[in-house]
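Down below is the structure, laid out as structure tokens.
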Amino acid sequence: MKYIIGNWKMNPDKKEVAKQLVSDYKKIAKVALSSSIQTVICPPLIYTEGLIGKGLQPLHFGAQDVSFTSEAKTTGEISATQLKNIGIKYVIIGHSERREIGETNEMVSKKLTNTIKSGLTVILCVGEQKRDSAGLYFIEVANQIRESLHSFPENKLHSLIIAYEPVWAVGANATHNASPRDFEEMAMLIRRTLTEQFSKIKSFAVPILYGGSVDKKNSQSYLDAGADGLLVGRSSLKSKEFLAIIEKAITSTKK
Ligand code: PGA
């Protein structure tokens, strides 16, 4: 299975726009699924319940964050169980924009181990701040993997997706795009780091996605470099752009 995941961040401002986007994506999600591509949308939570349809749906929904705890006394938090109960299937954890406002690997680790107990699939985001000629960024990403997953149970590895998102390539302030080769090298390092803790077979089965300024022009190059899918920000809010990304992914499965 490959994954095309839209992260809407704090957009759009109006629920009607969210509804329109979801209705634009529903039909293609069905076609994509028949080519083993799962489409997932992660809207702001406030809209999600109104967007999730009843029964089995080809378009899945994710949350952009989750509480580190299941304790009901934690004001302002939303638990993994609550997400699960409204029909959410995926949770993004450790996105760089959350790390920017103070989320540490230790917090990410707690969120992962707590969320996994609820039967949700977790999407762990990792990525270096910047690149340096000595290659220290490889160590930065390897440490994010080690410290975020140290208490992750091996028997839940099938519910883990990793998204490699170099911070310098994410969002409107991105300095430039990552190359497919950048992705390939980092995916190799991520898999090798996973094998320090988990069996080789299970480590190699963890899907590794690419994210960071993905658009319809560059999406295919990351999939061709072996990405198991894409985590798409801005382009998932533009209907034509996101549909084109999914269409290209579908076509490439038929080659
Ligand atoms: P972007 O965002 O595609 O707008 O760079 C990606 C993300 O933040 O997940």
Side-chain angles (χ1 to χ4, degrees), residues 2-13 17-18 21 24-25 37-45 47-48 60-66 88-103 108 111-112 115 120-131 137 140-141 144-145 148 160-180 182-183 186-187 190 207-223 225 227-249:
K2 287 205 191 292
Y3 300 86
I4 307 288
I5 304 179
N7 172 18
W8 287 0
K9 311 189 183 191
M10 223 156 67
N11 302 291
D13 286 341
V17 180
L21 286 169
D24 291 350
Y25 299 159
I37 297 168
Q38 179 63 60
T39 312
V40 181
I41 297 295
C42 305
L45 208 52
Y47 302 140
T48 308
H60 285 179
F61 287 84
Q64 300 171 15
D65 189 29
V66 63
I88 282 177
K89 294 195 163 41
Y90 302 80
V91 187
I92 298 174
I93 296 180
H95 190 279
S96 58
E97 286 154 5
R98 298 213 56 82
R99 293 178 187 264
E100 221 169 87
I101 53 172
E103 194 157 294
V108 169
K111 288 183 178 189
L112 288 170
T115 305
L120 294 165
T121 295
V122 289
I123 304 160
L124 166 64
C125 295
V126 294
E128 75 279 9
Q129 288 291 331
K130 54 182 178 0
R131 293 212 157 190
Y137 56 91
E140 187 182 344
V141 174
Q144 285 177 340
I145 295 283
S148 305
L160 172 71
I161 294 173
I162 294 177
Y164 168 56
E165 296 206 303
V167 180
W168 46 268
V170 169
N173 295 329
T175 50
H176 57 285
N177 283 358
S179 71
D182 291 335
F183 169 78
M186 199 53 92
I190 291 170
I208 303 182
L209 320 188
Y210 175 75
S213 300
V214 171
D215 58 25
K216 65 176 184 218
K217 288 202 197 94
N218 63 25
S219 60
Q220 196 55 49
S221 67
Y222 301 114
L223 296 175
D228 298 303
L230 303 164
L231 182 53
V232 186
R234 283 158 295 159
S235 297
S236 66
L237 287 152
K238 296 178 212 142
S239 184
K240 272 193 187 151
E241 188 84 18
F242 197 53
L243 290 172
I245 291 171
I246 302 170
E247 269 159 20
K248 282 190 178 189

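As the structure is a prediction and not an experimental result, all values here were calculated from the model. Ligands are counted one by one from 1 in listed order, and the atoms in each one are counted from 1 as well.
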Spatial distance of atom CD1 (Ile208) from atom CG (Leu124) [nearest 0.5 Å]
10.5 Å
Gap between atom CZ of Arg99 and atom CD1 of Ile93 - 0.5 Å precision:
10.5 Å
Flag side-chain contact, heavy atom, 4.5 Å: Asp182 against Arg131:
yes
Check each heavy atom of Asn7 against ligand 1 and say whether those closer than 4.0 Å belong to the side chain, the backbone, both or neither.
side chain
Suppose we screen for ring pair (Phe, Tyr, Trp, His ring centres under 6.0 Å). Which residues come up paired with Trp168, at least two apart in sequence or across chains?
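Checked Trp168 against ring pair (Phe, Tyr, Trp, His ring centres under 6.0 Å); matches are His176.
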Interfacing atoms of ligand 1 (cut-off 4.0 Å, heavy-atom, [X]):
X	answer
Gly233	1 (P), 2 (O), 3 (O), 4 (O), 6 (C)
His95	7 (C), 8 (O), 9 (O)
Gly212	5 (O)
Ser213	1 (P), 3 (O), 5 (O)

Under a 4.0 Å N-O cut-off, is there an ion pair linking Lys111 with Asp65?
yes
Ligand 1 N/O within reach of Gly171 N/O, cut-off under 3.5 Å:
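Yes, Gly171 has an N/O under 3.5 Å of an N/O on ligand 1.
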Nearest protein heavy atom to [atom], by residue and atom, and its distance?
atom	answer
atom 4 (O) of ligand 1	Arg234 NE, 2.7 Å
atom 9 (O) of ligand 1	Glu165 OE2, 2.7 Å
atom 2 (O) of ligand 1	Lys9 NZ, 3.2 Å

Who are the side chain to side chain donor-acceptor pair (under 3.5 Å) partners of Ser235, not counting sequence neighbours?
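Per chain and number, Ser235 pairs via side chain to side chain donor-acceptor pair (under 3.5 Å) with no residue.
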Would you call the rings of His60 and Tyr90 parallel, tilted or perpendicular if under 30° counts as parallel and over 60° as perpendicular?
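Tilted, since the angle between the ring planes falls between 30° and 60°.
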